[in-house]
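One structure below.
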Amino acid sequence: MANAHVEPDLAGFTGEEYAEIFDIRAMPKPTTEREVGQLPEKDIRKFFEEGYVVVENVFRKETLEACKTAIDKMVDELAQKLYKAGKITDLCENFGTSDRLIRLDNQFQGTSVLFIKHARLMQAFKDLWTDEVLLNIVEQLIGPDIAGHPVWNLRAKLPQDEATTVPWHQDSGYLDTNSYRVLQPTAWIPFVDATETNGCLQMMHGGHKTGKVATHQCCHGGTWYVMLEEDEMEKTLDINVKKDIRTFPIPYGSMILFNNLIPHRSLNNASDHIRWSVDLRWQTPHLPYGYYGLKQGVVFRTKEDPHPVVDWDKFEGVDRFKITADAVKDTPQETKEADFDTSIQGPWMKKWEIVHVNRHVQKMQSEEKSA
């Protein structure tokens with residue numbers, strides 16, 4: 001392992017290797033008393049050995065249905081906002097979770113991006129994130145001290161939509177360099193059956209074993225996403241791309257858990273409906289690993305206090321999309337039209353070489369020049 005100290009700045013590739021933090025050596029010792037819903041040791045070993053594990057039938061139906069109801073409410077709020085601003089002429093109230101956002105996006109291109117930017121952590125998602133069974137499983141991965149990571153994402157993958165089709169990347173490619181040396185597990189949870197047709201995930205099997213974050217580039221196509229080329233994965237992460245790709249259809253009620261170094265992507269949605277999903281992350285709360293120093297996590301559980309009062313007000317008081325956009329310019333832009341800005345900027349763009357300039361990158365660059 002490299003000994004060089006890396007500050008939480010905007011460095012990208014560091015060459016550091018922290019394999020022992022992500023492989024089987026990091027597997028916590030089993031607790032003496034089995035908690036409700038915890039996984040058998042073979043599944044936990046799989047998570048550390050392969051970088052991911054699928055957990056089937058882990059959620060109660062009412063928990064996920066409450067999240068879908070919350071999604072409908074947020075889509076309706078966005079529709080009303082667009083309608084009042086004269087951006088759309090039809091509220092599409094006769095459509096539901098599977099296709100209403102598609103109809104809205106047809107009227108105002110980029111509505112799906114606005115939804116990503118303005119999604120709120122409604123009570124149903126708080127309940128999901130702190131679900132007892134889910135936290136008991138996470139405890140098997142990182143121990144009894146658990147915090148929600150500053151970055152969570154509610155995703156509406158529209159059919160044939162580049163903006164919601166995420167290319168190969170490692171999650172740490174978006175985060176500051178502190179994340180390179182700490183395990184931050186993610187649960188990817190679909191709200192419909194996720195299939196190869198509607199855009200399920202693919203993982204690069206064992207791509208975490210070098211303990212490295214490879215060199216990413218910015219930005220993919222017409223999006224704000226960083227991308228990780230396949231030849232770079234083979235060179236840096238000791239991957240055989242043809243042999244190591246794994247595809248994961250995930251049924252409703254199940255999830256896939258993976259670490260922040262495993263390369264993964266989502267497939268294109270070739271169906272006629274929206275593939276809804278959420279990704280939730282956790283970390284150890286006592287370490288200074290937030291999000292570029294802009295936002296910290298929220299404590300869910302500690303060894304001393306397994307049922308603390310969660311300080312949601314403090315966590316929700318920091319708008320991640322606003323602070324990350326402001327972090328790449330000197331002067332925050334506060335205008336009425338900013339509510340309908342379908343571009344996204346953030347500090348991850350500065351970590352990597354910009355090899356493709358699009359409207360997301362152009363806005364960041366133009367604001368830097370005008371600041």
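No hydrogens, no waters, no symmetry mates; every other heavy atom, side chains included, goes into these values.
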**OP:** Please assess Leu267 against Gln202 for the test side chain to side chain contact (heavy atoms under 4.5 Å, CB included), listing each intermediate value before the final yes or no.
**Re:** CA-CA 7 Å; Leu267 296 174; Gln202 288 186 322; 3.5 Å; yes

Original post:
Between Asn268 and Gln160, is any side-chain donor less than 3.5 angstrom from a side-chain acceptor?
Top reply: yes

**OP:** Say whether, by atom type as modelled, one donor and one acceptor occur between the side chain of Glu196 and the main chain of Thr247 under 3.5 angstrom.
**Re:** no

Subject >> Beyond-backbone contact of Phe340 with Lys81, side-chain heavy atoms, under 4.5 angstrom >> reply: yes

Original post:
Nearest 0.5 Å, what's the OG1-CE distance between Thr210 and Met233?
Top reply: 12.0 Å

Original post:
Between Asp171 and His169, do the side chains contain an N or O donor and an N or O acceptor separated by less than 3.5 Å?
Top reply: yes

Subject >> Main-chain N/O of Ala26 paired with Glu20 side-chain donor or acceptor, under 3.5 Å >> reply: no

Subject >> Test: Lys73 and Glu77 ion pair at under 4.0 Å >> reply: yes

Subject >> Check: Arg120 side chain, Met74 main-chain N or O, donor-acceptor pair, under 3.5 Å >> reply: no

Original post:
Between Asn358 (side chain) and Thr223 (backbone), is there a donor-acceptor pair under 3.5 Å?
Top reply: yes

Original post:
What side-chain hydrogen bond (donor to acceptor under 3.5 Å, both in side chains) pairs are there with at least one residue in residues 125-136, not counting sequence neighbours?
Top reply: Arg60-Asp131, Gln123-Asp127, Lys126-Glu316, Asn136-Arg301

Original post:
Does a side-chain heavy-atom distance below 4.5 Å link Ser179 with Gln184?
Top reply: yes

**OP:** State, yes or no, whether a side-chain contact exists between Gln362 and Val357 at a heavy-atom distance under 4.5 Å.
**Re:** yes

Original post:
Side chains of Val298 and Lys314: does their closest heavy-atom pair fall under 4.5 Å?
Top reply: no

**OP:** To the nearest 0.5 Å, tell me how far Glu17 CD sits from Thr236 OG1.
**Re:** 10.5 Å

**OP:** Report the residues that fulfil side chain to side chain donor-acceptor pair (under 3.5 Å) with Ser271, sequence neighbours left out, ordered by chain and then residue number.
**Re:** Asn269, His273

**OP:** Could you tell me whether the side chains of Asn260 and Ser172 share a donor-acceptor contact shorter than 3.5 Å?
**Re:** yes

Original post:
Do Asp231 and Lys235 pass the side chain to side chain contact (heavy atoms under 4.5 Å, CB included) test, and can you show the C-alpha distance, the side-chain angles, and the key distance before you say yes or no?
Top reply: CA-CA 6 Å; Asp231 60 349; Lys235 180 181 71 174; over 6 Å; no

Original post:
How far does CG of Leu175 sit from CD of Gln170, to the nearest 0.5 angstrom?
Top reply: 11.0 Å

Original post:
Do Leu78 and Tyr83 sit in the same hydrophobic cluster, where Ile, Leu, Val, Met, Phe, Trp and Tyr count as joined when their side-chain heavy atoms come under 4.5 Å apart?
Top reply: yes

**OP:** Assess whether salt bridge (Lys or Arg N to Asp or Glu O under 4.0 Å) is satisfied between Lys61 and Glu65, documenting all intermediate values.
**Re:** CA-CA 6 Å; Lys61 181 180 179 180; Glu65 288 299 313; 5.5 Å; no

Subject >> Partner set under side chain to side chain donor-acceptor pair (under 3.5 Å) for Glu50, not counting sequence neighbours >> reply: Lys46

**OP:** Please answer whether the main-chain N or O of Phe48 pairs with a side-chain N or O of His208 as donor and acceptor at a distance below 3.5 Å.
**Re:** yes

**OP:** Begin with the C-alpha distance, continue with both residues' side-chain angles, and end with the deciding distance and a verdict on salt bridge (Lys or Arg N to Asp or Glu O under 4.0 Å) for Arg103 and Asp90.
**Re:** CA-CA 9 Å; Arg103 306 284 175 162; Asp90 182 0; over 6 Å; no

**OP:** Output the rest of the hydrophobic cluster of Val54: all Ile, Leu, Val, Met, Phe, Trp and Tyr residues reachable through side-chain heavy-atom contacts under 4.5 Å, sorted by chain and number.
**Re:** Tyr52, Trp188, Leu201, Met203, Phe248, Ile250, Ile256, Phe258, Ile262

Original post:
Any side-chain heavy-atom pair from Phe191 and Leu154 closer than 4.5 angstrom?
Top reply: yes

**OP:** Measure the acute angle between the ring planes of Phe300 and Trp312, then classify it against the limits of 30° and 60° as parallel, tilted or perpendicular.
**Re:** tilted

Original post:
For Val55 and Asp43, what are the C-alpha separation, side-chain angles and deciding distance, and is it a side chain to side chain contact (heavy atoms under 4.5 Å, CB included)?
Top reply: CA-CA 8 Å; Val55 186; Asp43 286 345; 6.0 Å; no

Original post:
Just by modelled atom types, is the Leu261 backbone N or O under 3.5 Å from a matching donor or acceptor in the Asn259 side chain?
Top reply: yes

Subject >> Sidechain-backbone polar pair: Trp352 side chain, Gly173 backbone, donor-acceptor under 3.5 Å >> reply: yes

Subject >> Partner of Leu257 under side chain to side chain contact (heavy atoms under 4.5 Å, CB included), chosen from Ile189, Val58, Ile137, Thr186 >> reply: Ile137

Subject >> Any Cys92 side-chain heavy atom under 4.5 Å of Gln107 side chain >> reply: yes

**OP:** Hey, could you give me the CD1/CD distance between Ile146 and Gln283, rounded to the nearest 0.5 Å?
**Re:** 11.5 Å

**OP:** Answer yes if Val166 and Trp168 sit in the same cluster of Ile, Leu, Val, Met, Phe, Trp and Tyr residues linked by side chain heavy atoms under 4.5 Å apart, and no otherwise.
**Re:** no

Subject >> Ile24 reachable from Phe22 in the ILVMFWY side-chain graph, under 4.5 Å edges >> reply: yes

Original post:
Atom NZ of Lys157 and atom CG of Leu101: how far apart are they, to the nearest 0.5 Å?
Top reply: 13.5 Å

Original post:
Is Met122 reachable from Val75 through a run of hydrophobic residues whose side-chain heavy atoms are each under 4.5 Å from the next?
Top reply: yes

Original post:
About how many Å separate CD of Glu232 and CE of Met227, when rounded to the nearest 0.5 Å?
Top reply: 12.0 Å

**OP:** I would like to know whether Asp76 and Arg100 meet salt bridge (Lys or Arg N to Asp or Glu O under 4.0 Å); could you show each step before the answer?
**Re:** CA-CA 9 Å; Asp76 185 65; Arg100 187 179 183 186; 3.1 Å; yes

Original post:
Which is it for Trp224 and Val113 under the side chain to side chain contact (heavy atoms under 4.5 Å, CB included) test, yes or no, and what are the steps along the way?
Top reply: CA-CA 11 Å; Trp224 59 94; Val113 179; 4.0 Å; yes

**OP:** Mind listing the closest non-hydrogen atom pair of Ile344 and Met349 along with its distance?
**Re:** O-CE, 3.2 Å

Subject >> Residues Thr164 and Arg275: side-chain donor-acceptor under 3.5 angstrom >> reply: no

Subject >> More than 12 heavy atoms from other groups under 6.0 Å of CD on Gln109 >> reply: no

Subject >> Polar side-chain atom of Trp276 near backbone of Thr97 as donor-acceptor pair, under 3.5 Å >> reply: yes

Original post:
Could Lys212 and Tyr180 be counted as a cation-pi pair, given that NZ or CZ must be under 6.0 Å from the ring centre and within 45° of the axis?
Top reply: no

Original post:
Should we count OH of Tyr252 as having more than 12 external heavy atoms under 6.0 Å?
Top reply: yes

Original post:
Are Ile142 and Val36 connected in the hydrophobic side-chain network, where two residues link if heavy atoms are under 4.5 Å apart?
Top reply: yes

**OP:** For His216 and Lys351, indicate whether the former's side chain and the latter's backbone hold a donor-acceptor pair under 3.5 Å.
**Re:** no

Original post:
In terms of side-chain geometry, is the basic nitrogen of Lys209 or Asp238 positioned less than 4.0 Å from the acidic oxygen of its partner?
Top reply: no

**OP:** Determine whether Trp282 and Leu134 make a side-chain contact, defined as any pair of heavy atoms from C-beta on separated by less than 4.5 Å.
**Re:** yes

Original post:
Do the side chains of Thr302 and Pro308 get nearer than 4.5 Å, heavy atoms only?
Top reply: no

Original post:
Does any pair with a residue in residues 247-260 pass salt bridge (charged side-chain N to carboxylate O under 4.0 Å, His left out), and if so which ones, sequence neighbours excluded?
Top reply: none

Subject >> Contacts of type side-chain contact (heavy atoms from CB on, under 4.5 Å), residue Pro251, not counting sequence neighbours >> reply: Asp193, Ser254

